Amino acid sequence: GENVEQHPSTLSVQEGDSAVIKCTYSDSASNYFPWYKQELGKRPQLIIDIRSNVGEKKDQRIAVTLNKTAKHFSLHITETQPEDSAVYFCAAQKTSYDKVIFGPGTSLSVIP
Amino acid sequence: DAGVTQSPTHLIKTRGQQVTLRCSPKSGHDTVSWYQQALGQGPQFIFQYYEEEERQRGNFPDRFSGHQFPNYSSELNVNALLLGDSALYLCASSFLGQARSPLHFGNGTRLTVT
């Protein structure tokens, strides 16, 4: 069945450094790839998303890249800050009528 | 503009009991999806409701059932609770079929089964 894998499971970086989280998906029909941030005890919140007709998207310090051929997509956070510390989930969806499948999450710690 | 609201926030039940969780979607959304999030894991898709019908279902037993009402709100019912059902249950709403309609999550219901 559909599956999304994510690594690393934990990531620790110094404040100001960059962080990269990588995901792979199994269903080549997947077309939409959102990223969610979940702070401790809070709801997951969308931080950025990308559709399959775009290879890269950037929003301030956050960027996402997509390689449809390899079925890989990645989240890049530059100039990390302590408030970036959270669990990040990648996800995949085939069409807007389909379910969203989440990866297992990456716990990011930014050390001041 | 109210976001997704869920009730109750916390619940403690005993094995074998039944539980009902409730969700009101974000204003303007017509679709509700339910997810189970065990500690330290990603949200697992339970099912999705649209036009008061279950459209899609994940790998969850029939003990998990749901309902959607005409005002788009939804309930998740779990019968014959098991210890393994202890988790955070997240409701997410969206607008079905819209080219870009990301999921908006509620704060979840923390279910503990003892």
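All of these numbers come straight from a predicted model, not from anything done at the bench. We use all heavy atoms of the structure for the numbers below, so side chains are in, but hydrogens, waters and symmetry mates are not.
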If I measure from the heavy atoms of chain A, does [X] come under 4.5 Å with its side chain, its backbone, both, or neither?
X	answer
Q48(B)	side chain
Y35(B)	side chain
R55(B)	side chain
L103(B)	both

May I ask whether [X] and [Y] are part of the same hydrophobic cluster, defined by side-chain heavy atoms of I, L, V, M, F, W, Y residues being less than 4.5 angstrom apart, directly or through others?
X	Y	result
F73(A)	V100(A)	no
I50(A)	L46(A)	no
W34(B)	Y72(B)	no
L76(B)	F60(B)	yes

Provide the closest heavy-atom pair for [X] versus [Y] in the form atom of the first, atom of the second, distance.
X	Y	answer
L96(B)	S96(A)	CD1-O, 3.8 Å
F89(A)	G42(B)	CE2-CA, 3.3 Å
F45(B)	K99(A)	CD2-CD, 3.4 Å
P43(B)	F102(A)	O-CB, 3.6 Å
R43(A)	V4(B)	NH1-O, 4.0 Å

What part of [X] lies closer than 4.5 angstrom to a heavy atom of chain B: side chain, backbone, both or neither?
X	value
D98(A)	both
Y97(A)	both
Q38(A)	side chain
P34(A)	neither

Heavy atoms from other residues, nucleotides or ligands near [atom1] of [X] exceed 12 (cutoff 6.0 Å):
X	atom1	answer
N53(A)	CG	yes
K22(A)	NZ	no
Q56(B)	CD	yes
R15(B)	CZ	no
L40(A)	CG	no

Note to self: Looking only at heavy atoms and a cut-off of under 4.5 Å, which of G106(B), S33(B), G58(B) has the most pairs with chain A?
What the structure shows: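 Option with the top pair count is G106(B).
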
